[in-house]
Colleague: 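Below is the structure I would like to discuss, written out as structure tokens.
Protein chains get the first letters and strands the later ones, always in sequence-line order, with residue 1 at the start of each. Because only heavy atoms are used, hydrogens play no part in the values below, and waters and symmetry mates are left out as well, while side chains stay in.
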2 protein chains.
Amino acid sequence: MLNHTTIDRSLRALAEPTRRAIIEKLSVGPASVSDLAKPFATSLAAVVQHLQILEDSGLVTSEKVGRVRTCRIEAGGFDALGDWLAQRRSLVERQLDRLDTVLAELRPAGRSAHRKGK
Amino acid sequence: MLNHTTIDRSLRALAEPTRRAIIEKLSVGPASVSDLAKPFATSLAAVVQHLQILEDSGLVTSEKVGRVRTCRIEAGGFDALGDWLAQRRSLVERQLDRLDTVLAELRPAGRSAHRKGK
DNA sequence: CGTATGGTTAAGCATGGACTTGAGTATTGA
DNA sequence: TCAATACTCAAGTCCATGCTTAACCATACG
């Protein structure tokens, strides 16, 4: 399993509405810090702090040219989280399959009816 | 887009190592509250609180029979989060495609080299 | 040059969230 | 029926986190 700390940082970063809104905006396209701050009622400094956390989590990168910092989503920043999620879901599937098996053994003549088709 | 509050609750619930560990254990199979509490150094009450949060988030269900509460992963509890993630990733892909297009237009004779094959 | 713009950093505050303890309820088993 | 088990609930503590303000730098513009 890949580094657990990456998952932790990603999830913490995303578990905040403002940061999620920033991610949502950035997933449409790059933006400057003050562009990102505009929609929010909070101060610019607060947004900068959120951006710092997003960068530490590996979800966002930024580079400064002149006096403006341009932020963008880091492609692949969601991969660790995606893998973790996929693994959870596959394990849950496995559980349901085993349940099916058990039910099938309990009434061998019938067809288990509670699972959605493949 | 599906209910935003669901995403919020899922992410908040998962942004905590203990709760994630509980999820990981439950994705292997159902367990009682005290089974879940065993591996942790914390008190039982703390684990119960975590379970409450996980249930509120829709990731876990439980039912009490006799004096023991059995907890299990809610199949489909990860769907909203999975959809959100997938959408982010697809939007990021779109950005990269547009970038490819721009680069291709800048040097029409060359092949863009920075993307992995389809 | 001077001023505005865009961002950075630090300090302090306030709230939320994780944890503990302790007391209580309901079930089970001897 | 008594004790152990398996939670449940309430109250209180404490620390992390998000926010603000304020001072500060660097770059761009008239």
Side-chain angles (χ1 to χ4, degrees), chain A residues 4-26 29-74 81, chain B residues 4-26 29-74 81:
Chain A
H4 217 274
T5 316
T6 304
I7 302 288
D8 192 62
R9 277 204 262 258
S10 310
L11 284 168
R12 271 169 192 252
L14 294 174
E16 216 280 347
T18 304
R19 284 195 295 262
R20 233 155 37 234
I22 290 175
I23 288 286
E24 280 166 10
K25 183 150 193 180
L26 286 180
S32 74
V33 173
S34 33
D35 277 354
L36 289 171
K38 255 171 228 156
F40 302 109
T42 79
S43 71
L44 180 70
V47 171
V48 169
Q49 285 163 13
H50 283 310
L51 283 170
Q52 189 54 58
I53 289 169
L54 287 169
E55 262 193 87
D56 290 348
S57 76
L59 294 168
V60 166
T61 29
S62 74
E63 60 173 342
K64 194 164 181 175
V65 36
R67 62 184 170 180
V68 43
R69 174 173 300 276
T70 300
C71 307
R72 63 192 75 239
I73 295 261
E74 170 70 44
L81 182 51
Chain B
H4 215 275
T5 316
T6 304
I7 302 289
D8 192 63
R9 277 204 264 257
S10 310
L11 284 169
R12 271 168 192 255
L14 294 175
E16 216 280 346
T18 304
R19 285 197 291 265
R20 234 156 36 234
I22 290 175
I23 288 286
E24 281 167 11
K25 183 150 193 180
L26 285 180
S32 73
V33 173
S34 30
D35 277 353
L36 289 172
K38 253 171 230 155
F40 301 110
T42 78
S43 71
L44 180 71
V47 171
V48 169
Q49 285 165 10
H50 283 310
L51 283 169
Q52 188 56 56
I53 289 169
L54 287 169
E55 261 192 89
D56 291 349
S57 76
L59 294 169
V60 165
T61 30
S62 73
E63 59 173 342
K64 193 165 182 174
V65 36
R67 63 185 167 178
V68 43
R69 174 172 300 276
T70 300
C71 306
R72 64 191 75 239
I73 294 260
E74 170 69 42
L81 182 50

Colleague: Rounded to the nearest 0.5 Å, what separates atom CZ in A:R67 from atom OG in A:S34?
Modeller: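 These two atoms lie 9.5 Å from each other.
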
Colleague: Begin from the C-alpha positions of B:L36 and B:K25 and carry the test side-chain contact (heavy atoms from CB on, under 4.5 Å) through to its verdict.
Modeller: CA-CA 8 Å; B:L36 289 172; B:K25 183 150 193 180; 4.0 Å; yes

Colleague: Let me confirm one number: the CG-OG1 distance from A:L54 to A:T61, rounded to the nearest 0.5 Å.
Modeller: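 If I round to the nearest 0.5 Å, the distance is 11.0 Å.
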
Colleague: Measuring to OP1 and OP2 of D:dT17, would you say a side-chain N or O of A:R12 lies under 4.0 angstrom away?
Modeller: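 Yes, such a contact exists.
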
Colleague: Are any of B:S43's side-chain N or O atoms less than 4.0 Å away from OP1 or OP2 of C:dC19?
Modeller: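 Checking C:dC19 against B:S43, no side-chain N or O comes under 4.0 Å of OP1 or OP2.
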
Colleague: Whole Å only: how far is the CG atom of A:D35 from the C1' atom of C:dT5?
Modeller: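 Taking atom C1' of C:dT5 as the reference, CG of A:D35 is at 13 Å.
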
Colleague: Give a yes or no on whether the backbone of B:S57 and the side-chain of B:R12 come within a donor-acceptor separation of less than 3.5 Å.
Modeller: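 Between the backbone of B:S57 and the side chain of B:R12 there is no qualifying donor-acceptor contact (under 3.5 Å).
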
Colleague: Need to verify one output field. Residue with the more 5' nearest nucleotide on DNA chain C, B:T42 or A:A45?
Modeller: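 In this pair, the answer is A:A45.
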
Colleague: If only side-chain N and O atoms count, and only distance matters, is there a donor-acceptor pair under 3.5 Å linking B:S62 with B:R69?
Modeller: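 Yes, B:S62 and B:R69 have a side-chain donor paired with an acceptor closer than 3.5 Å.
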
Colleague: Give a yes/no answer on whether the side chain of A:R19 brings an N or O atom under 4.0 Å of OP1 or OP2 in D:dG18.
Modeller: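 For A:R19, the contact criterion (side-chain N or O under 4.0 Å from OP1 or OP2 of D:dG18) is met.
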
Colleague: Reckon A:S34 has a side-chain N or O less than 4.0 Å from the OP1 or OP2 of C:dT5?
Modeller: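 Checking A:S34 against C:dT5: no side-chain N or O falls below 4.0 Å of OP1 or OP2.
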
Colleague: If pairs are Watson-Crick or G-U with both distances under 3.5 Å, what is the dot-bracket string of DNA chain C, marking crossing pairs with [ ] and pairs to another strand with |?
Modeller: ||||||||||||||||||||||||||||||

Colleague: What integer distance in Å separates B:L36:CG from D:dC7:C1'?
Modeller: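 Interatomic distance, CG of B:L36 to C1' of D:dC7: 13 Å.
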
Colleague: In whole angstrom, give the distance that lies between atom CZ of B:R20 and atom P of C:dA18.
Modeller: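 Answer to the nearest Å: 12 Å.
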
Colleague: By the 4.0 Å heavy-atom rule, please label B:Q49 as base, sugar-phosphate, or nothing.
Modeller: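 Base contact.
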
Colleague: Going from CD on B:E74 to CG on B:L26, what distance comes out if it is rounded to the nearest 0.5 angstrom?
Modeller: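 If I round to the nearest 0.5 Å, the distance is 12.0 Å.
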
Colleague: Could you pull out the closest heavy-atom pair between A:F40 and A:I22, with the gap in Å?
Modeller: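 In this case the closest contact between A:F40 and A:I22 is CE1-CG1, 4.0 Å.
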
Colleague: Can you check whether A:H50 has a side-chain N or O nearer than 4.0 Å to OP1 or OP2 of D:dC19?
Modeller: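 So the side-chain polar atoms of A:H50 do come within 4.0 Å of the phosphate oxygens OP1 or OP2 of D:dC19, strictly under.
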
Colleague: Pull out every residue in residues 51-70 of chain B that has a heavy atom closer than 4.0 Å to any atom of DNA chain C, ordered by number, or say none.
Modeller: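 DNA chain C contact set from residues 51-70 of chain B: B:I53, B:G66, B:R67.
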
Colleague: Roughly how far, to the nearest 0.5 Å, is CG of B:L59 from CG of B:L14?
Modeller: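 Reported value, rounded in 0.5 Å steps: 5.0 Å.
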
Colleague: One thing to verify: whether A:R20 and B:D8 come together as a salt bridge, which I'm taking to mean a side-chain N less than 4.0 angstrom from a carboxylate O.
Modeller: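 Salt bridge between B:D8 and A:R20, a charged N being under 4.0 Å from a carboxylate O: yes.
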
Colleague: Measuring to OP1 and OP2 of C:dA18, would you say a side-chain N or O of B:T18 lies under 4.0 angstrom away?
Modeller: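 B:T18 to C:dA18 OP1/OP2: no side-chain N or O under 4.0 Å.
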
